[in-house]
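Take a look at the structure set out below.
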Amino acid sequence: KNQVEQSPQSLIILEGKNCTLQCNYTVSPFSNLRWYKQDTGRGPVSLTIMTFSENTKSNGRYTATLDADTKQSSLHITASQLSDSASYICVVSGYSSASKIIFGSGTRLSIRP
Amino acid sequence: EAGVAQSPRYKIIEKRQSVAFWCNPISGHATLYWYQQILGQGPKLLIQFQNNGVVDDSQLPKDRFSAERLKGVDSTLKIQPAKLEDSAVYLCASSRTSGDSYEQYFGPGTRLTVT
């Protein structure tokens, strides 16, 4: 079964600290993996997209990694800011009709001053 | 460029009533998606349009949900009759075309509460 599992479910850290969010997937055949940021009351906004051959991609203080062999991805946030408080959703796309776009349940990140 | 527009932003109805949501995608985007996002979960695809044709509606509860995109631009999603479990945020997204390499741009969503 094609699935995307994210951990932790929620996370609270102090402003200025770093954190890492995890995404494990079983989608096959794999096409790409995206990380989205969803602020409360808003639609998701894309942070990064990675294909099979890419191991890491950065977008400012956000760095995503991908290990296609172990089917794991992580999103690392450096020097967190209050505005980073949001849900972070991992989305995996596959090539088959049964695995087109699979969304994870997200990690709820709260940054405390 | 202007983003994906959705209306209304909030809607409260009683069970068994009907409701409709509207979405206007980014100009020139051929593909339009409707998602249902229940609190604490990731979005679930309900239906995908390519221009005015349906590409994927496998997860749309067709006994009560319907969607159309008659002129290949804006779209409406209808629920008739609503159930309590339909309480969720309904997100509309668009992309230049279908294909997983094209980025989806999401609207702000419509928060539906069924009482």
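Letters A, B, ... mirror the listed sequences (proteins, then strands); counts begin at 1. All of these numbers come straight from a predicted model, not from anything done at the bench.
- Between S46(A) and E103(B), the closest side-chain pair of non-hydrogen atoms falls below 4.5 Å.
- Linking Ile, Leu, Val, Met, Phe, Trp and Tyr residues whenever their side-chain heavy atoms come within less than 4.5 Å places V4(A) and M50(A) in a single cluster.
- In this structure, chain B has no heavy atom under 4.5 Å from any part of Q9(A).
- Cluster membership check: L32(B) does not share its hydrophobic cluster with I26(B), using side-chain heavy-atom separations under 4.5 Å among Ile, Leu, Val, Met, Phe, Trp and Tyr.
- Linking Ile, Leu, Val, Met, Phe, Trp and Tyr whenever their side-chain heavy atoms come within less than 4.5 Å puts L77(B) and V114(B) in one cluster.
- V4(B) and W22(B) are members of different hydrophobic clusters when ILVMFWY side chains are connected at heavy-atom separations under 4.5 Å.
- Side chain of R42(A) to main chain of G109(B): no donor-acceptor pair is present (N/O by atom type, distance under 3.5 Å, no hydrogens or angles).
- Taken together through direct or relayed side-chain contacts under 4.5 Å among Ile, Leu, Val, Met, Phe, Trp and Tyr, L14(A) and Y88(A) form parts of separate hydrophobic clusters.
- Heavy-atom contacts from other residues, nucleotides or ligands closer than 6.0 Å to NZ of K57(A) number more than 12.
- Interface with chain A: from residues 35-44 of chain B, residues Y35(B), Q37(B), G40(B), Q41(B), G42(B), P43(B) qualify, criterion being any non-hydrogen pair under 4.5 Å.
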Between Y105(B) and V45(A), is a side-chain contact (heavy atoms from CB on, under 4.5 Å) present by the stated rule, with each step listed? CA-CA 7 Å; Y105(B) 295 85; V45(A) 175; over 6 Å; no

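- Environment of NZ in K71(B): sparse, with no more than 12 heavy atoms of neighbouring residues, nucleotides or ligands closer than 6.0 Å.
- Few gaps surround CD on Q17(B); more than 12 heavy atoms of other groups in view lie less than 6.0 Å from it.
- Contacts of L45(B) with chain A are absent, with no heavy-atom separation under 4.5 Å from either backbone or side chain.
- The minimum heavy-atom distance linking L91(B) with G43(A) is given by the pair CD2-CA, 4.0 Å.
- Listed by first and then second residue, the ring pair (Phe, Tyr, Trp, His ring centres under 6.0 Å) pairs involving residues 47-92 of chain B are F21(B)-Y90(B) (not counting sequence neighbours).
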Please lay out, stage by stage, how Q104(B) and I101(A) fare under the test side-chain contact (heavy atoms from CB on, under 4.5 Å). CA-CA 11 Å; Q104(B) 293 185 34; I101(A) 304 172; 3.1 Å; yes

